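A quick write-up on the structure given underneath.
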Amino acid sequence: MTWPYPRIVAHRGGGKLAPENTLGAIRHGASMGFEGVEFDVMLAGDATPVLIHDETVDRTTDGRGAVAQMTYAELSKFSIEKKEKIPTFESAARLCRELGVWANVEIKPALGYERRTGEAVALAARAHWRGAALLPVLSSFSTVSLAAAAAAAPELPRGLLAGRVPKHWRQLMRDFGCVALHCNHRSLTQRLAQEIHAAGYAVLCWTVNDRRAAKKLLGWGVECLVTDRLDRIGPDFR
Ligand code: G3P
Ligand code: MG
């Protein structure tokens, strides 16, 4: 496929240069010229989609507890590095649209919430990007979430997210109507990249923090790199 989205994308909002999965991180990436961002979306206990990576708030905030057991009102009281709050997906989407930043929305379900998270995030994404020229790409490690997203908002592009590219990737790409394969860059070979391209799909690699690796992957025709090191692999990196 042709890749209409940015080629260098900031991981979790602003990579390692700002608190992950926050509005401040998205602003930081945009201020450095990044035109694309990846972030993780999970459901709070009251089904509000929020930006967070882990199933608990323990690592990233000053609070404790499981995201799926708290309402958004409860989650929003916690502080992230004394300056940020856990944002709603809605506020992050609005900010992306204001800043003209494209989003790779990773559906990150808590265990047991795969179907409802896929469905809720896809429906929310449809509403948040209504009328947008460039739609977000929804991706997930959970094939249950991907299937739910495909059923809820089939028009939104999807990416199959995998640590290692599974042997039956062709079947999975077809099953979930994906446009791109999002893999850990360490698991990609040039031959595999060729096969994925020949099958008509794009390749997105995460998390690429080394300039040599980034050059090699772009040389293989990888369409998109997600990076934590916005300072090393800038938006114009080629
Ligand atoms: O979507 C790419 C990457 O974010 C997947 O890994 O654990 O950082 O969400 P993780
Ligand atoms: Mg992610």
Side-chain angles (χ1 to χ4, degrees), residues 3 5-23 25-26 28-29 34-43 49-61 67-68 80 86-89 92-93 96 101-111 113-114 117-118 121-122 124-125 135-146 149 156-166 169 172-173 176 178-188 193 196 201-210 213-214 217 222-230 233:
W3 183 255
Y5 314 111
R7 293 192 173 267
I8 311 289
V9 166
H11 188 223
R12 302 186 193 175
K16 293 286 183 209
L17 301 183
E20 67 180 56
N21 285 314
T22 63
L23 298 184
I26 296 172
H28 190 82
F34 277 77
E35 293 174 352
V37 69
E38 183 267 2
F39 53 73
D40 307 300
V41 182
M42 194 178 288
L43 294 187
V50 298
L51 268 60
I52 194 158
H53 181 275
D54 300 358
E55 289 200 26
T56 75
V57 299
D58 302 10
R59 179 179 60 86
T60 52
T61 79
V67 176
I80 303 176
I86 296 174
T88 61
F89 178 34
C96 285
V101 168
W102 170 77
N104 168 201
V105 176
E106 184 187 337
I107 305 167
K108 192 73 112 180
L111 197 64
Y113 293 82
E114 290 81 1
T117 307
V121 173
L135 291 173
V137 171
L138 310 183
S139 59
S140 190
F141 288 110
S142 164
T143 51
V144 174
S145 292
L146 271 186
L156 296 182
R158 286 171 298 284
L160 176 71
L161 187 45
R164 285 198 143 284
V165 177
W169 60 268
L172 294 172
M173 297 294 281
F176 307 117
C178 293
V179 298
L181 212 152
H182 298 202
C183 64
N184 185 315
H185 74 97
R186 295 177 201 283
S187 76
L188 191 72
I196 297 166
Y201 304 115
V203 182
L204 173 151
C205 282
W206 50 275
T207 308
V208 185
N209 296 329
D210 173 78
L217 294 163
V222 167
E223 281 80 359
C224 184
L225 306 180
V226 177
T227 185
D228 274 328
R229 290 303 303 262
L230 279 54
I233 301 173

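First listed ligand is number 1; within each ligand, the first listed atom is number 1. Just so we're clear, the structure is a prediction, and the values are computed from it rather than from any experiment. We count residues from 1, following the sequence as given.
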Is it true that His182 lies under 4.0 Å from ligand 1, counting heavy atoms only? no
Once you restrict to heavy atoms under 4.0 Å, what part of Leu161 touches ligand 1? Side chain, backbone, both or neither. side chain
Name the orientation class of the two ring planes belonging to Tyr5 and Trp102 (parallel below 30°, tilted from 30 to 60°, perpendicular beyond 60°). parallel
From CG (Leu204) to CG (Leu160), nearest 0.5 Å: 11.5 Å
Considering only protein heavy atoms, which is closest to atom 5 (C) of ligand 1, and at what distance to one decimal place? Glu106 OE1, 3.4 Å
Side-chain touch His182/Val137, heavy atoms, less than 4.5 angstrom: yes
Decide whether the shortest distance between a heavy atom of Val226 and an atom of ligand 1 is less than 4.0 Å. no
Output the list of atoms in ligand 1 that are nearer than 4.0 Å to some heavy atom of Lys108, sorted by atom number. 7 (O), 9 (O), 10 (P)
Just wondering, do Cys183 and Cys205 contact through their side chains at under 4.5 Å, heavy atoms? yes
Any side-chain heavy atom of His53 within less than 4.5 Å of one from Thr60? no
Taking distance alone, with N or O pairs closer than 3.5 Å, would you say Trp206 contacts ligand 1? no
Could you list the atoms of ligand 1 found under 4.0 angstrom from a heavy atom of Arg12? 7 (O), 8 (O), 10 (P)
Atom name of the N, O or S atom of Glu38 nearest to the Mg ion (ligand 2) is OE2
Starting from the Mg ion (ligand 2), look over the N/O/S atoms of Glu106 and name the nearest one. OE1
Any side-chain donor-acceptor pair under 3.5 Å between Ser139 and Asn104? yes
Return the name of the atom in Asp40, of element N, O or S, nearest to the Mg ion (ligand 2). OD1
How about Val101 and Phe34: do any of their side-chain heavy atoms sit closer than 4.5 Å? no
Do ligand 1 and Asn104 have nitrogen or oxygen atoms that lie under 3.5 Å from each other? no
Residue, atom name and distance, where the atom is the protein heavy atom closest to atom 4 (O) of ligand 1: Glu38 OE2, 2.6 Å
For atom 10 (P) of ligand 1, the closest protein heavy atom turns out to be His53 NE2, 3.4 Å
Check for a donor-acceptor pair, side chain of Arg229 on one end and backbone N or O of Thr227 on the other, with a separation under 3.5 Å. no
Is it true that atom CD of Glu55 has more than 12 heavy atoms of other residues, nucleotides or ligands lying nearer than 6.0 Å? yes
